[in-house]
Amino acid sequence: MNNQQISDLFKKIAVAYQIKNLPNSRFKVIAYERASEEIKNFPTPLEKMWKEDRLDEVPGLGSSMISHVKELFTKGKVSHFEAILREIPQSMFTLLSVPGFGPKKAYRLVTYFKLDNPKTVVEDIKVLAEKGKIASLEGFGEKSQKDILDAIGQFEKGQVKENRILLGLAYELSSNITEYLKKSPLVKKVLALGSLRRMRETIGDIDLAVATEKSDEVIEYFLKYPDQSQIVEKGKEGATIRLGNGRQVDLRVIPPRQWGSMVQYFTGSKAHNIQLRELALRKGYSLNEYGLTPLKNKKQKILEFDTEEKLYKFLGLPRIEPEIREDRGEIEAAIHKAKDQKPGLPQLVKLSDIKGDLHIHTSFNIETSHDLGSHDILTLLKKADSLGYEYIGISDHNPSQSKHSEDKILSIMKIRKAYYEHKKRSNKSIRTQLLIMLEIDIRPNGDLALPNQCFEYIDASIVSVHSEFRMDKEKMTDRVLKGLSHPKARILAHPTGRLLTGRVGFELNWERIFEFCKKNNKAIEVNASPYRLDLSDIMIRLAVQNGIKLIINTDSHSKEEMDNMKFGVSQARRGWAQKNDILNTMRYNEFKDWLLY
DNA sequence: GCCGTTTTCGGCCCGACTGTTTTCAGTCG
Ligand SMILES: Nc1nc2c(ncn2[C@H]2C[C@H](O)[C@@H](COP(=O)(O)OP(=O)(O)OP(=O)(O)O)O2)c(=O)[nH]1
Ligand SMILES: [Mg+2]
Ligand SMILES: [Mg+2]
Ligand SMILES: [Zn+2]
């Protein structure tokens, strides 16, 4: 079982305990939910942690859960879990994906109506609601029966609770809405918060906060957003709508004097908020989105904060960048920093630190079996210049080996080099330096897909896997390391091959990869394409902890895509990377020394 | 069931909105 599957199992146990509703099970539910989240985000397979007897290093796992996990790996199942899950129909877990259905409602309906087929349960409920059989149940009524039908309608259109969108798309959707909101003179401030401000790789919904003295009017204005397709709920503190594409948008409104606490709350993450609120409690205050209330002399008014900094400062903490607010040690590190102790908070790498982009495809016809870029070299160089880059690396895909003889490939590579150099010389006003590189396939046997005599015509290369993903982990690691062994192979690009639109990447033995990279001075790419973001934030953190050097590249196939650098930088920040962890923050001469070493 | 500037027991974040409810449970943020 992989971490995702174990996480799902733990979530089910949390749900089961929630249904039981025993007086002492409340915190057990929370414990299992927390463990489920931690396991999902843990960078190393639990099976490996188990074999190394290191399960106690997984946050949220205590002696009881550790013994369950051990049983899972030795016997293939956990008898305690099986016993709990036997008591509830599995069909209810399907219903939990429908918006508005939680453990209680789902359990109630599937048991009352004896619906135990997970494949038909949604349709079964729909039919019952249409026949008006649900309204008469205690706790239900005409309205909730209609709401169930609506929710199932949304569900059938693809609005599954766990559906998420890519960071790049969320960025666009949210800027459209914030632009709209800013047009109202009543709106003093507006910010996109939640996972978007933390720059998570995928986004569940869009969370917005507005500072205003006129809450009601602003909420009404928000509800008139042209792309609004449904009003999910509205109240005096905010509202929730859906867009034309079904995506949910949450709005909270707040007077400017309480802006700081609202922004803090709505930025999250949930786990970070809980940690911060527990810290506040230890200091004698209750924290919510409106401010801090002293625990004793409750009559004293709430303390208000118009900026986040002031709130964190009051709690004795320095500013914590949104990207690392995930309860992965940032509050402890912030406390250290405040006391001048180590390890404190990292000085995270910034977009303005980036001095080059080494993975760009041009429209030069290199006769590859992969895709070309859509812009010519000069257009891309000009774009790089406008971004203030000191250098870029053109990394077209290698020419197809099946379609061409070695001589033909050699000739293409010679012509390409001469062409790029000529173009570069032809425009003296472009300050950005050009590195002639190549993105070379690592073939299944580990060979690089470029004849040896061609390497003379490139400065360096990035190497990557584009075929035969289904391979044993150790074999895949052998393959990648063999490819990376070539002296001119400097960067391992999109190292897991995952696509956030669905394709899961292949597995690698990261210990071996990291060790090799360190020993041989190779870098690993953080691919900034919103479709990839590969390495991922959690793997970046592990790489940084292991002293691995990273390079953030856009993998651009057009000049516009070069603006995706911010997404890659944000993932590096989420992985606690500092400037010196990222090689393309170096000046041209330094970088060139590294690349051509 | 987890966890430790309160360290092996006694805490565990806090609030908005809705529907079916006379006071709250459920779901969600
Ligand atoms: N204190 C507290 N804050 C919460 C809780 N749930 C959510 N929040 C805050 C922190 C979240 O970042 C913020 C927005 O909630 P969302 O459910 O939209 O989560 P988020 O945007 O982080 O992730 P998402 O991509 O939408 O799934 O609200 C909670 O249970 N307690
Ligand atoms: Mg959100
Ligand atoms: Mg939300
Ligand atoms: Zn590429």
Side-chain angles (χ1 to χ4, degrees), chain A residues 10 13-15 17-19 21-22 24-36 38 56 58-69 80 84 95-96 98-109 134-148 150-151 161 193-195 204-209 215 219 231-240 248-254 261-262 264-293 295 302 316 327 332 335-336 338-339 341:
Chain A
F10 273 56
I13 301 301
V15 167
Y17 276 123
Q18 208 170 334
I19 291 164
N21 216 8
L22 303 171
N24 56 349
S25 71
R26 205 175 117 224
F27 297 106
K28 226 188 262 194
V29 172
I30 294 170
Y32 272 99
E33 278 174 347
R34 153 120 207 268
S36 170
E38 296 286 359
D56 57 341
V58 184
L61 294 193
S63 60
S64 166
M65 291 188 192
I66 286 175
S67 76
H68 293 326
V69 173
H80 176 57
I84 296 172
L95 274 184
L96 291 181
V98 181
F101 279 80
K104 298 284 168 66
K105 197 187 286 180
Y107 181 72
R108 186 84 202 292
L109 292 173
I134 291 177
S136 53
L137 261 78
E138 198 190 330
F140 291 82
E142 289 297 334
K143 182 65 168 69
S144 58
Q145 179 170 269
K146 186 177 166 296
D147 288 348
I148 286 172
D150 286 349
K161 253 188 244 171
L193 304 171
S195 51
D205 67 353
I206 291 164
D207 301 294
L208 302 172
S215 299
I219 290 169
I231 296 173
V232 179
E233 62 183 30
K234 67 168 181 167
K236 64 186 195 14
E237 308 295 339
T240 299
Q248 186 172 303
V249 185
D250 290 337
L251 174 77
R252 291 294 300 262
V253 292
I254 193 82
S261 51
M262 178 58 82
Q264 192 292 311
Y265 153 72
F266 221 21
T267 297
S269 66
K270 172 181 171 179
H272 174 87
N273 285 357
I274 290 174
Q275 283 300 116
L276 196 68
R277 286 167 183 216
E278 288 180 348
L279 176 72
L281 285 175
R282 291 199 292 276
K283 292 185 180 277
Y285 297 92
S286 170
L287 171 63
N288 61 24
E289 60 265 52
Y290 305 106
L292 287 167
T293 312
L295 291 177
I302 189 166
D327 185 26
E332 203 188 347
I335 292 171
H336 282 160
K339 293 195 212 158
Q341 291 173 350

>> Nearest to the side chain of A:Arg282, heavy atoms from C-beta on, is which of B:dC12, B:dT6, B:dC2?
In response: B:dT6

>> Give me the distance, rounded to whole Å, that separates B:dC13 from B:dC2 when you measure between the P atoms they each carry.
In response: 16 Å

> If only atom types and distance count, is the side chain of A:Asn273 paired as donor or acceptor with the main-chain N or O of A:Leu276 below 3.5 Å?
Replying inline: no

> Reckon A:Glu138 touches a base, only the sugar-phosphate, or nothing at all at heavy-atom distances under 4.0 Å?
Replying inline: nothing

>> Let's see if you can work this out: which of B:dT5, B:dG15, B:dG19 has an atom nearest to the side-chain heavy atoms of A:Asp147?
In response: B:dG19

> Counting any heavy atom closer than 4.0 Å, what does A:Ile335 reach on the DNA or RNA strands: base, sugar-phosphate only, or nothing?
Replying inline: nothing

>> Can you measure A:Ile274 atom CD1 to B:dC13 atom C1' for me and round it to whole angstrom units?
In response: 6 Å

> Are A:Arg282 and A:Glu278 close enough for a salt bridge, meaning some N to O gap below 4.0 Å?
Replying inline: no

>> For a quick check of understanding: with a heavy-atom distance under 4.0 Å over all strands, which category does A:Gln248 fall into, base, sugar-phosphate or nothing?
In response: sugar-phosphate

> Contact class for A:Glu33 vs. all strands (heavy atom < 4.0 Å): base, sugar-phosphate, or nothing?
Replying inline: nothing

> What integer number of Å spans the C1' atoms of B:dC14 and B:dC9?
Replying inline: 25 Å

> Hey, does A:Lys283 reach any base, or is it just sugar-phosphate, or nothing, if we go heavy atoms under 4.0 Å?
Replying inline: nothing

>> When you measure from the side chain of A:Glu233 to the backbone of A:Thr240, do you find a donor-acceptor pair of N or O atoms at a distance under 3.5 Å?
In response: no

> Could you state the CG-P distance from A:Leu22 to B:dG1, rounded to the nearest angstrom?
Replying inline: 11 Å

> In whole angstroms, how far is the C1' atom of B:dG26 from the CZ atom of A:Phe101?
Replying inline: 12 Å

> Of the candidate nucleotides B:dG1, B:dT27, B:dG29, which contains the atom at the shortest distance from the side chain of A:Tyr32?
Replying inline: B:dG1

> When all nucleic acid strands are considered with a 4.0 Å heavy-atom cut-off, which category describes A:Gly194: base, sugar-phosphate, or nothing?
Replying inline: nothing

> B:dG15 base to A:Tyr265 side chain: any donor-acceptor pair below 3.5 Å?
Replying inline: no

>> Any base atoms under 4.0 Å from A:Leu276, or only sugar-phosphate, or nothing? Heavy atoms, all strands.
In response: nothing

> Atom NZ of A:Lys104 to atom P of B:dT20: distance rounded to whole Å?
Replying inline: 18 Å

> Which of the following nucleotides, B:dC28, B:dC3, B:dT5, is nearest to the side chain of A:Lys161?
Replying inline: B:dC28

>> Between A:Gly141 and A:Pro99, which residue's closest nucleotide on DNA chain B lies nearer the 5′ terminus?
In response: A:Gly141

> Base, sugar-phosphate alone, or nothing: which one does A:Arg26 contact when heavy atoms must sit under 4.0 Å apart?
Replying inline: nothing

>> Looking at A:Glu138, I want to see if its CD is surrounded by more than 12 non-hydrogen atoms of other residues, nucleotides or ligands under 6.0 Å.
In response: no

>> Under 4.0 Å, counting only non-hydrogen atoms across every strand here, what does A:Ser63 touch: a base, just sugar-phosphate, or nothing?
In response: sugar-phosphate

> Between B:dG15, B:dG1, B:dC17, which nucleotide gets closest to the side-chain atoms of A:Glu289?
Replying inline: B:dG15

> Closer than 4.0 Å, any side-chain N/O of A:Gln18 to the OP1 or OP2 of B:dG26?
Replying inline: no

> Nearest heavy-atom pair of A:Ile219 and A:Val253: which atoms, and what distance?
Replying inline: CD1-CG2, 3.9 Å

> Between B:dA16, B:dC3, B:dT18, which nucleotide has the shortest distance from any of its atoms to the side chain of A:Arg252?
Replying inline: B:dA16

> Is there a side-chain contact between A:Ser144 and A:Phe140 (heavy atoms, below 4.5 Å)?
Replying inline: yes

>> Ignoring hydrogens, what is the shortest heavy-atom contact between A:Tyr17 and A:Ser25? Give both atom names and the distance.
In response: O-OG, 3.5 Å

> Among B:dA16, B:dT20, B:dC2, which nucleotide sits nearest the side chain of A:Lys143?
Replying inline: B:dT20

>> Does A:Ser286 reach a base, just sugar-phosphate, or nothing at all? Heavy atoms under 4.0 Å.
In response: sugar-phosphate

>> What I want to check is whether an N or O donor and acceptor connect the side chain of A:Lys234 with the base of B:dT18 at under 3.5 Å.
In response: no

> Nearest of B:dG1, B:dC12, B:dT27 to any side-chain atom of A:Leu281?
Replying inline: B:dC12

> Does the ring of A:Phe27 meet both stacking tests against the six-membered base ring of B:dC2: centre distance under 5.5 Å and plane angle under 30°?
Replying inline: no

> B:dT27 P sits how many Å from A:Glu233 CD, rounded?
Replying inline: 14 Å

> Partner of B:dT8 by Watson-Crick or G-U wobble geometry, both contacts under 3.5 Å, or none?
Replying inline: none

> Does OP1 or OP2 of B:dG26 have a side-chain N or O of A:Lys105 closer than 4.0 Å?
Replying inline: no

>> Can you measure A:Lys236 atom NZ to B:dC17 atom C1' for me and round it to whole angstrom units?
In response: 10 Å

>> Just N and O in the side chain of A:Asn288: are any of them under 4.0 Å from OP1 or OP2 of B:dG15?
In response: yes

>> Using a 4.0 Å heavy-atom cut-off, does A:Ile30 contact any base of the nucleic acid, only the sugar-phosphate backbone, or nothing at all?
In response: nothing

> Toward the 5' end of DNA chain B, which comes first, A:Glu278 or A:Gly60, by nearest nucleotide?
Replying inline: A:Gly60

> In whole angstrom, what separates A:Leu137's CG from B:dG26's P?
Replying inline: 14 Å

> Taking atom C1' in both B:dT21 and B:dC3, what distance in whole Å separates the two?
Replying inline: 38 Å

>> Would you measure the distance from the P atom in B:dC17 across to the matching atom in B:dG10 and give it in whole Å?
In response: 38 Å

> Nearest-Å distance, OH (A:Tyr107) to P (B:dT27)?
Replying inline: 14 Å

>> Taking any heavy-atom pair under 4.0 Å as a contact, classify A:Asp250: base, sugar-phosphate, or nothing.
In response: sugar-phosphate

>> Is there a side-chain contact between A:Ser144 and the phosphate of B:dT20, meaning an N or O under 4.0 Å from OP1 or OP2?
In response: yes

>> If I pick the P atom on B:dC12 and the same atom on B:dT6, what distance separates them, to the nearest angstrom?
In response: 13 Å

> Is it the case that more than 12 heavy atoms not belonging to A:Gln248 sit under 6.0 Å from its CD atom?
Replying inline: yes

> Given the C1' atoms of B:dG1 and B:dT5, what is the spacing between them in whole Å?
Replying inline: 23 Å

> For A:Lys104, does the NZ atom sit with more than 12 other heavy atoms under 6.0 Å from it, leaving out its own atoms?
Replying inline: yes

